[in-house]
Amino acid sequence: MDNNRRSRRSEDRFVATVFQLEQVIQDFGLAACVVVDEGGKVIASVAKDDEDLDWSHEIPTLVRQNRRRRGVSVCEFRAAGRPLFVATVGSALGTRDIGMYRAVMGLRRIHR
């Protein structure tokens with residue numbers, strides 16, 4: 001299978017979102033990347049090595065209350081006219097944050 005990110009495209013928003021998250025965790029060596037809506041419902045997630053994402057419903061609360069979770073970067077962004085939240089999981093803060101930014105940019109393109 002060709003893993004070139006340019007060849008892995010889909011017209012289906014869910015599939016395209018998963019492709020985006022997979023590429024982010026691969027490019028930045030992250031453990032996971034997850035996108036949730038403002039109610040905490042998971043829209044899509046990708047994790048390596050059975051990373052536990054049971055806490056992902058808390059992401060909107062973490063952002064709005066400016067709370068931290070060890071090894072996790074979170075942010076709120078707008079796409080398709082609604083607020084969404086993304087979290088990246090990994091050991092290095094800078095890598096998590098850059099991966100999170102890349103995920104947001106791709107998700108905005110996918111969910112116009």
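Bear in mind the structure is a predicted one, so any value in this text is a computation, not a measurement. Position 1 is the first residue of the sequence; numbering continues from there.
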Q: Would you confirm whether R96, through its side chain, and G90, through its main-chain N or O, come within 3.5 Å as a donor-acceptor pair?
A: yes

Q) Has the side chain of Q26 got a donor or acceptor atom that lies under 3.5 Å from a matching backbone atom of L21? A) no

Q) Counting distance only, does the side-chain N/O of D12 pair as donor-acceptor with the main-chain N or O of F14 below 3.5 Å? A) yes

Q) Hey, is E22 close enough to K48 for a salt bridge, meaning N to O under 4.0 Å? A) no

Q: For atom CG of D52, decide whether the heavy atoms of other residues, nucleotides or ligands shown that lie under 6.0 angstrom number more than 12.
A: yes

Q | Check: V86 and C75 side chains under 4.5 Å, non-hydrogen atoms | A | yes

Q. Where do W55 and A87 come nearest, in terms of heavy atoms and distance?
A. CH2-CB, 4.1 Å

Q | Identified side chain to side chain contact (heavy atoms under 4.5 Å, CB included) partner of I59 from the options V42, V34, V72, L53 | A | V34

Q: Answer yes or no: does atom CZ of F77 have more than 12 heavy-atom neighbours from other residues, nucleotides or ligands under 6.0 Å?
A: yes

Q | Closest heavy-atom pair and its distance - E51, A32 | A | CG-CB, 3.9 Å

Q: Taking the side chain as every heavy atom from C-beta outward, state whether R13 and H111 have any atom pair closer than 4.5 Å.
A: yes

Q: Could you tell me which non-hydrogen atom of D27 sits nearest to which non-hydrogen atom of R102, and how far apart they are?
A: OD2-NH1, 2.8 Å

Q | Minimal non-hydrogen separation, S73 against L93, with atom names | A | OG-CD1, 3.8 Å

Q. Is there a donor-acceptor pair closer than 3.5 Å between any side-chain N or O of R78 and the backbone N or O of L84?
A. no

Q. Counting N and O atoms only, with roles assigned by atom type, does the side chain of R64 sit under 3.5 Å from a partner on the main chain of T61, one being a donor and the other an acceptor?
A. no

